[in-house]
**Student:** 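If you scroll down you'll find the structure; I have some questions about it.
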Amino acid sequence: MSSENGRSQGKPPEQGEQLALIRESVREAKAKAPKAKPRTWRNAPLAKTLPVARVLVDKGPVHLDRLWDYAVPEELDADARPGVRVRVRFGAGTRNVRGGRREGGGLLDGYIVERVAESDYQGPLAAIAQVLSPEPVLGPALYDLCRSVADRYAGSLADVLQLAVPPRHARIEAEPSPAPLPPPGAPEPGSWSRYPAGPAFLDAVARGDTPRAVWTALPGPHWPQELARAAAAALSSGRGALVVVPDGRAAARVDAALGALLGEGRHVLLTAELGPEERYRRWLAVSRGAVRAVVGTRAAMFAPVRDLGLVAVWDDGDSSHSAQNAPHPHSREVLVQRAVHEKAAFLLGGFGCTVEAAQLVNTGWALPLAAARETVRAAAPVIRTVGDGDEARDAAARAARLPSLAWQAAREGLKHGPVLVQVPRRGYAPRLACERCREPARCGHCAGPLEARDGDGALHCGWCGQETRGWHCAECGGVRLRAQIVGARRTAEELGRAFPSVPVRTSGRDHILDTVPDRPAIVVSTPGAEPVAEGGYAAALLLDGWALLGFPDLRAGEEALRRWLSAAALVRGQTEGGVVVVVAEPTLRPVQALVRWDPAGHAMRELADRAELGFPPVSRMASVSGPPEDVADLLAAAELPEDAEVLGPVPLPVTAAGRPRRPGDPPPGERWERALLRVRPGRGAALAAALKTAQAIRLTRRDGEPVRLRVDPPDIG
DNA sequence: AGCACGCCGACT
DNA sequence: GTCGGCGTGCTC
């Protein structure tokens, strides 16, 4: 890790510096104009000090992403503190009309951002209509955070606020929060001792320093306790801690670990499952400083933890770290910003390693935190690979559609404990098979699985990518194909027949098992839903290699490795006889990284490739999508940074009618295009600002449809 | 987004 | 004259 006064004290990879500068210069220019004495239409009595409130109007016109000055009437002076929710009149109807004055315009919700003595605005100020609640929910730190997140993602402040500030429940606000407990003592390093730099990281956090680390976690069940200890170290320094994990299950485990370490009352769990009222209750406890430590899913990334001492993210490669709502901030990126702005320590951990994490290390912004090679080797299971084409010789293995090696590993493992079988998620990448005899459709060049991309009828090999024309079944001569999705249930049935004396359990999207007992059983699971085995699995079979690696995405390899590592980390270490069999081409890079248990090395090599190709995160990208003429319009109007490269636009696949639409897809039947914009990393803020400005101009003039902007588009490739 | 103002042609 | 088309610009 690095420390605040250490060598790696650098700039974060991306900042809203550019926008901040622009705003600053606008403010300076305005400051030269004589400031008017604040006056209202009716000359109503104003607050004696700081009579002007700078208000962020929520849900106003999207492009009016700025603060508005309102007068603070004397009777609202006490309640109208920075951060409170207010209602204000906003709209053309509020203006003076001829001789008389009329109050028109709608009442809009907003937040007081600050109170100032004078306004830059020359005209008469409208008065704040109402203070909705005296609770200051948008404090200065949270406001600054939302502002910089909006800037980075070319989104509006109001959109970010929607993610960051939960809706109000008056009844909950009326309840008092519990009294804050004194800081706990510094925690023992515990299993952090397995990492050479672990205890030092913990010490630095406990001392009040701000070390930053990218942590490659050892396989096994210790990570929730390790995250809890890191959080406890921050608390012991008198500061707060925030831990963001991908899903509710992981959050519950860290929550339990925090409870075991700190008792009750020093931390809260913040997840969507709580329901709006309980969530607001806990959020308020954090906002009021009654609780200093938070663990939660992505919405918790904005949690207004007081005097933040540590931010931590677990498994940042999991796609649920990206918010579903515009402008789609990613918890890793938001917490990088918070670590810098709020001067907190930073811990990014997982079994895998994303290229973005590798980039943080590569730029020297964070230091690697990993165990010694021999510690890793002992803790990890033995990994064996088997090509998908391997013929099974045993009849039983063939019946279960398992290669011999996988079948043997399962049979052997079942003598010692539960065996995990990871299968592709239904609909993830449908495998094609002969409609008549069910023989899988294979590529004529390399025997890889054929896939139908884009639904345009063309068949491509999932391995070598070559197109196959005029397919016919090698077995029976059939010419019609069907999608053969072998889901968890079918696999479970087949395995049940192959191992009739062993119970078979399944865990998948709709029915997730948390844990399984330490007894022989076959546990079939889709990626991400793997139950924890109490004594570790004796073996695991990873059967979805072709599906994961065949996915046409820049991250396919990284994502396959991440899912394999997550499953394999639940298996006993090799010293306890743990074995993993992965059905995938052994020459492929992610497969080799799994065999060597070297996620960080894999990420570094991926990063080097991306650098060569100019792909993110070595460059910064944004996408513009919409009807072709609107995309062209916006690109023509935008004053892009000089070095910005425009790739495309290219047509997007048309959304088929009736098909469930994923967010970001064009409306059914519409022909949309997408352009990608690329700049070097330091210019990301300038790119976002240019796009946002161009979009705002379009919205003001109301020419054409608004286009969709997305910074860090997820599906490049 | 709304809403008002303003500068044009056709109507009681 | 003046009613109302919608193009343009502002909203503290």
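Letters go in sequence order (proteins before strands), and every chain restarts at 1.
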**Student:** If I take atom CG in residue A/Asp120 and atom P in nucleotide C/dC12, what distance separates them, rounded to the nearest angstrom?
**Tutor:**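 Those two atoms, CG and P, are 16 Å apart.
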
**Student:** Could you give the CD1-to-C1' distance, from A/Ile112 to C/dC12, as a whole number of Å?
**Tutor:** 13 Å

**Student:** Side chains of residues 636-646 of chain A: which donor-acceptor partners sit under 3.5 Å, not counting sequence neighbours?
**Tutor:**
unit_1, atom_1, unit_2, atom_2, d
A/Glu645, OE1, A/Arg678, NE, 3.1
A/Glu645, OE1, A/Arg678, NH2, 3.3
A/Glu645, OE2, A/Arg678, NH2, 3.0

**Student:** Separation of A/Leu56 atom CG from C/dC12 atom P, in whole Å?
**Tutor:** 15 Å

**Student:** Is the base of C/dC12 stacked against the aromatic ring of A/Tyr121, taking ring centres under 5.5 Å apart and planes under 30° as the test?
**Tutor:**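 A/Tyr121 ring centre within cut-off of C/dC12 base, planes near parallel; stacks.
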
**Student:** Whole Å only: how far is the CG atom of A/Asp159 from the C1' atom of B/dA1?
**Tutor:**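 Whole-Å distance recorded here is 14 Å.
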
**Student:** In whole angstroms, how far is the P atom of C/dC12 from the CG atom of A/Leu67?
**Tutor:**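 To the nearest whole Å, that distance equals 14 Å.
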
**Student:** May I ask you to say whether A/Asp307 pairs ionically with A/Arg239, meaning some side-chain N is under 4.0 Å from a carboxylate O?
**Tutor:** no

**Student:** Whole Å only: how far is the CG atom of A/Leu107 from the P atom of C/dT11?
**Tutor:**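 In whole Å, C/dT11 P lies 18 Å from A/Leu107 CG.
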
**Student:** Take atom CG of A/Leu108 and atom C1' of B/dC3, then tell me their distance rounded to the nearest Å.
**Tutor:**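 From A/Leu108 CG to B/dC3 C1': 13 Å.
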
**Student:** Cation over ring, A/Arg279 on A/Trp283, under 6.0 Å and within 45°?
**Tutor:**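 No.
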
**Student:** With sequence neighbours left out, what residues match A/Asp79 under salt bridge (Lys or Arg N to Asp or Glu O under 4.0 Å)?
**Tutor:**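 If we apply the salt bridge (Lys or Arg N to Asp or Glu O under 4.0 Å) test to A/Asp79, skipping adjacent residues, there are no hits.
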
**Student:** Without decimals, in angstroms, what is the distance between A/Tyr70 OH and C/dT11 P?
**Tutor:** 11 Å

